[in-house]
Amino acid sequence: MKKIEDVIKNGDEFKITFYPQNINYDVDEHQVQSDTRFAKWDSDCDFISKPKTKNAFPFVRFFDVEKNQYRTATTKHRAVSIFLNNKNYVWKVY
C-alpha cells in the first residue's frame with residue numbers, strides 16, 4: 001500500500017481526522033475527542049515527521065477549507081487519518 005506522502009498532490013481535496021493537541025488537556029488520553037475537517041493540499045502543506053523542538057510531536061500542516069486558514073494535525077494522541085480518492089490513509093511516525 002502506498003503512503004499518503006507519495007499519493008497526495010497540490011490541488012487535492014480530502015477529509016482529515018485528527019486529535020487536537022491543545023484541547024482536552026485535563027482528561028485522560030482515551031477521552032480525547034477527534035476533529036474532522038475538509039481540507040485542501042497545496043505547496044504550503046507538509047508532513048513533518050521530525051519537528052524542530054524537543055517536546056513537539058510529528059504533525060501534518062494542511063489548509064482547512066471551512067476556516068480558510070492553515071492548521072496542524074498532530075500525532076500526539078493518535079494517528080492522523082486522511083480520506084482521499086475514496087481511500088483512507090493513516091499517518092503516524094513512530
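For reference, positions follow the sequence shown, starting with 1. Values in this document were obtained by computation on a predicted structure and should not be read as measured data.
- Rounding to the nearest 0.5 angstrom, the gap separating the OG1 atom in T74 from the CZ atom in F18 is 9.5 Å.
- Residues L84 and D12 are in side-chain contact: their nearest non-hydrogen atoms beyond the backbone lie under 4.5 Å apart.
- The aromatic rings of W91 and F47 are tilted relative to each other, their planes meeting at an angle between 30° and 60°.
- Atom CZ of F63 and atom OH of Y70 lie 6.0 Å apart (nearest 0.5 Å).
- Using a 4.5 Å cut-off between side-chain heavy atoms of Ile, Leu, Val, Met, Phe, Trp and Tyr, with links allowed through other members, W41 and V80 fall into the same hydrophobic cluster.
- Nearest heavy atoms, P58 versus P51: N-CG, 3.7 Å.
- R37 has its side chain within reach of E66: a pair of non-hydrogen atoms, C-beta onward, lies under 4.5 Å apart.
- Taking every heavy atom of both residues into account, A39 and I16 meet most closely at CB-CG2, 4.1 Å.
- For the residue pair N88/S81, the side-chain donor-acceptor check at 3.5 Å is satisfied.
- Residues K40 and C45 come closest through the heavy atom pair O-SG, 3.7 Å.
- In this structure the side chain of F38 never reaches within 4.5 angstrom of the side chain of F14, judged on heavy atoms.
- By the 4.0 Å N-to-carboxylate-O rule, D42 lies too far from K9 to be salt-bridged with it.
- A distance of 14.5 Å separates NZ in K87 from CD1 in I82, rounded to the nearest 0.5 Å.
- Remark: side-chain polar atoms of R61 are not paired, donor with acceptor, to backbone N or O of R71 under 3.5 angstrom.
- Looking at heavy atoms from C-beta onward, V7 lies in side-chain contact with Y89 at the 4.5 angstrom threshold.
- Taking CZ of F59 as the start and CG of D46 as the end, the distance is 8.0 Å to the nearest 0.5 Å.
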